[in-house]
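This report refers to the structure that appears directly beneath it.
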Amino acid sequence: MRRILVAGNWKLNGSLQSVRQLVADIKAGLGDLKADVAVCPPYVYIPEVAQLLKGSSLGYGAQDVSDQTAGAFTGEVSAPMLNDFGCKYAIVGHSERRSLYGEGDDFTARKFAATRKAGLIPILCVGELLEEREQGITEQVVSRQLDAVIQLEGVAALADAVIAYEPVWAIGTGKTASPQQAQDVHAFIRGKIAALDAAVAEKVQILYGGSVKGSNAAELFAMADIDGGLIGGASLAAEEFLTICRAG
Ligand code: PGA
């Protein structure tokens with residue numbers, strides 16, 4: 001049985017004060033959850049979050065990571081640095097990185113590799129644009145995004161990774177994919193991996209992301225191939241986030 005993972009992606013939000021409050025509120029409400037829970041703050045707040053979460057079951061990670069380990073790469077943060085601060089996860093290839101910062105499949109695959117090399121778990125985001133869905137090429141797009149990683153790292157690398165299927169048209173729009181729409185793509189992803197290695201396909205956690213809320217999380221997480229969620233907006237309000245965590 002795969003575990004449910006709920007990961008909060010705080011994006012470019014918060015202040016030192018609001019981060020402290022949010023972590024305290026989430027910690028206070030965690031209780032006895034079945035799901036694994038993690039938060040991904042902006043880089044600069046990671047040391048603070050690490051401190052606040054000492055001894056807690058709540059994991060944390062980064063929203064991005066460099067494809068490089070060290071050297072003259074101004075502005076970058078490497079996976080070993082994230083490891084120094086106890087990060088468990090790094091999100092790679094989020095659609096905002098792809099569309100706003102021009103990060104492509106191969107670059108994302110190198111970030112995925114760098115993350116694993118440092119012993120962190122990559123959360124690899126894949127997903128189609130609205131026009132791609134309308135053209136009926138969702139599976140081709142997701143396939144291409146996955147293939148870049150499989151070609152560089154091999155399918156076995158996915159066994160200890162997390163995939164997040166995030167249809168771009170559902171991110172931050174309030175428009176969630178229906179549980180069946182999401183399940184169809186999740187099943188496609190798992191099937192594609194199973195064709196290469198059935199054991200890896202059985203193990204890999206595939207999260208859904210895109211306007212997940214307290215009110216729709218349970219029906220999404222109940223689908224056979226949906227193993228939790230990557231949560232943006234709703235992860236910034238402790239009660240809403242906890243409701244999603246409890247749905248797992
Ligand atoms: P959203 O974002 O929950 O605000 O739609 C999800 C994400 O971008 O990971």
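Please read these numbers as outputs of a predicted model, since none were measured by experiment. Residue numbers start at 1 and run along the sequence shown.
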Can you check whether P42 reaches Q63 side chain to side chain, under 4.5 Å on heavy atoms? yes
In terms of side-chain geometry, is the basic nitrogen of K192 or E139 positioned less than 4.0 Å from the acidic oxygen of its partner? no
Could you check whether any side-chain N or O of E48 sits under 3.5 Å from a backbone N or O of R20, counting only pairs where one atom can act as donor and the other as acceptor? no
Y45, L82: one ILVMFWY side-chain cluster at the under-4.5 Å cut-off? yes
Shared ILVMFWY cluster between I193 and V126, side chains joined below 4.5 angstrom? yes
Are L230 and V149 co-members of a hydrophobic cluster defined by side-chain heavy atoms under 4.5 Å apart? no
Please test F85 against V49 for side-chain contact (heavy atoms from CB on, under 4.5 Å), starting from the C-alpha separation and ending with a verdict. CA-CA 9 Å; F85 285 88; V49 168; over 6 Å; no
Which residues pass the side chain to side chain donor-acceptor pair (under 3.5 Å) test with D184, sequence neighbours left out? Q180
How about K27: does its NZ atom have over 12 heavy atoms from other parts shown lying under 6.0 Å from it? yes
Once you round to the nearest 0.5 Å, how far does CD of E76 lie from OG1 of T74? 9.0 Å
Within the structure provided, determine whether L130 and V168 are in side-chain contact (heavy-atom separation under 4.5 Å). no
Heavy-atom pair of closest approach, residues A170 and A177: CB-N, 4.2 Å
What's the verdict on side-chain contact (heavy atoms from CB on, under 4.5 Å) for V37 and L58, showing C-alpha distance, side-chain angles and the deciding distance? CA-CA 5 Å; V37 180; L58 193 61; 3.2 Å; yes
Tell me the closest heavy-atom pair linking V212 and I244, and the distance in Å. O-CD1, 3.8 Å
Please step through side-chain contact (heavy atoms from CB on, under 4.5 Å) for the pair K34 and I4, ending with a clear verdict. CA-CA 8 Å; K34 272 194 285 167; I4 293 281; over 6 Å; no
Taking F107 as the starting point, is it possible to reach I123 by hopping between hydrophobic residues whose side chains are less than 4.5 Å apart? no
Do E128 and W169 touch side chain to side chain, with heavy atoms closer than 4.5 Å? yes
Connected via hydrophobic side-chain network under 4.5 Å: I91 and V6: no
Can the positive tip of R97 be found less than 6.0 Å from the middle of the six-membered ring of Y101, inside 45° of the ring normal? yes
Check whether Q181 reaches the backbone of S178 with its side chain - one donor and one acceptor, N or O, closer than 3.5 Å. yes
When you measure from the side chain of N13 to the backbone N and O of W10, does any donor-acceptor pair fall under 3.5 Å? yes
Minimum heavy-atom separation for A109 to L152, with atom names? O-CD2, 3.4 Å
Are R190 and E202 ion-paired here, with the side-chain N under 4.0 Å from a carboxylate O? no
Side-chain heavy atoms of V65 within contact of V92, under 4.5 Å: yes
Of all the heavy-atom pairs spanning L53 and G59, show the shortest one and how long it is. CD1-O, 4.3 Å
Got a donor-acceptor contact below 3.5 angstrom from the R98 side chain to the G93 backbone? yes
CD (Q17) with more than 12 external heavy atoms under 6.0 Å: no
Under the side-chain contact (heavy atoms from CB on, under 4.5 Å) rule, what do H186 and M223 come out as? Steps first, then yes or no, please. CA-CA 9 Å; H186 283 234; M223 303 307 282; over 6 Å; no
Heavy-atom count check: over 12 atoms from other residues, nucleotides or ligands less than 6.0 Å from L16 CG? yes
Would the distance check show the side chain of N83 and the main-chain N or O of A118 forming a donor-acceptor pair, the cut-off being under 3.5 Å? yes
If only atom types and distance count, is the side chain of Q21 paired as donor or acceptor with the main-chain N or O of S18 below 3.5 Å? no
When rounded to the nearest 0.5 angstrom, what distance separates OG1 in T176 from CG in N216? 4.5 Å
Donor on one side chain, acceptor on other, Q145 and D105, under 3.5 Å: no
In chain order, what residues pass the side chain to side chain contact (heavy atoms under 4.5 Å, CB included) check against I121, with sequence neighbours excluded? K88, Y89, V162
Which heavy-atom pair separates F188 from S143 by the least distance, and what is that distance? CZ-OG, 3.7 Å
When every non-hydrogen atom of V141 is compared with those of G127, the smallest separation belongs to CG1-O, 3.9 Å
Is there side-chain contact between I231 and N9, with at least one heavy-atom pair below 4.5 Å? no
Distance, nearest 0.5 Å, that separates CG of L120 from SG of C87: 6.0 Å
Could you tell me the separation between the CG atom of D64 and the NE2 atom of H94, rounded to the nearest 0.5 Å? 10.5 Å
Sub-4.5 Å side-chain heavy-atom contact between I171 and S211: no
Checking Q205, R2, R3 against D227 for side chain to side chain donor-acceptor pair (under 3.5 Å), the one that qualifies is R2
Close side-chain approach of V77 to S66, heavy-atom, < 4.5 Å: no
Would you call E240 and K213 a salt bridge, using N to O less than 4.0 angstrom? no
D147 CG to D106 CG distance, which is reported to the nearest 0.5 Å: 11.0 Å
Is the closest side-chain heavy-atom distance between E166 and Y208 below 4.5 Å? no
So how far is it from D36 CG to L5 CG, rounded to the nearest 0.5 Å? 6.0 Å
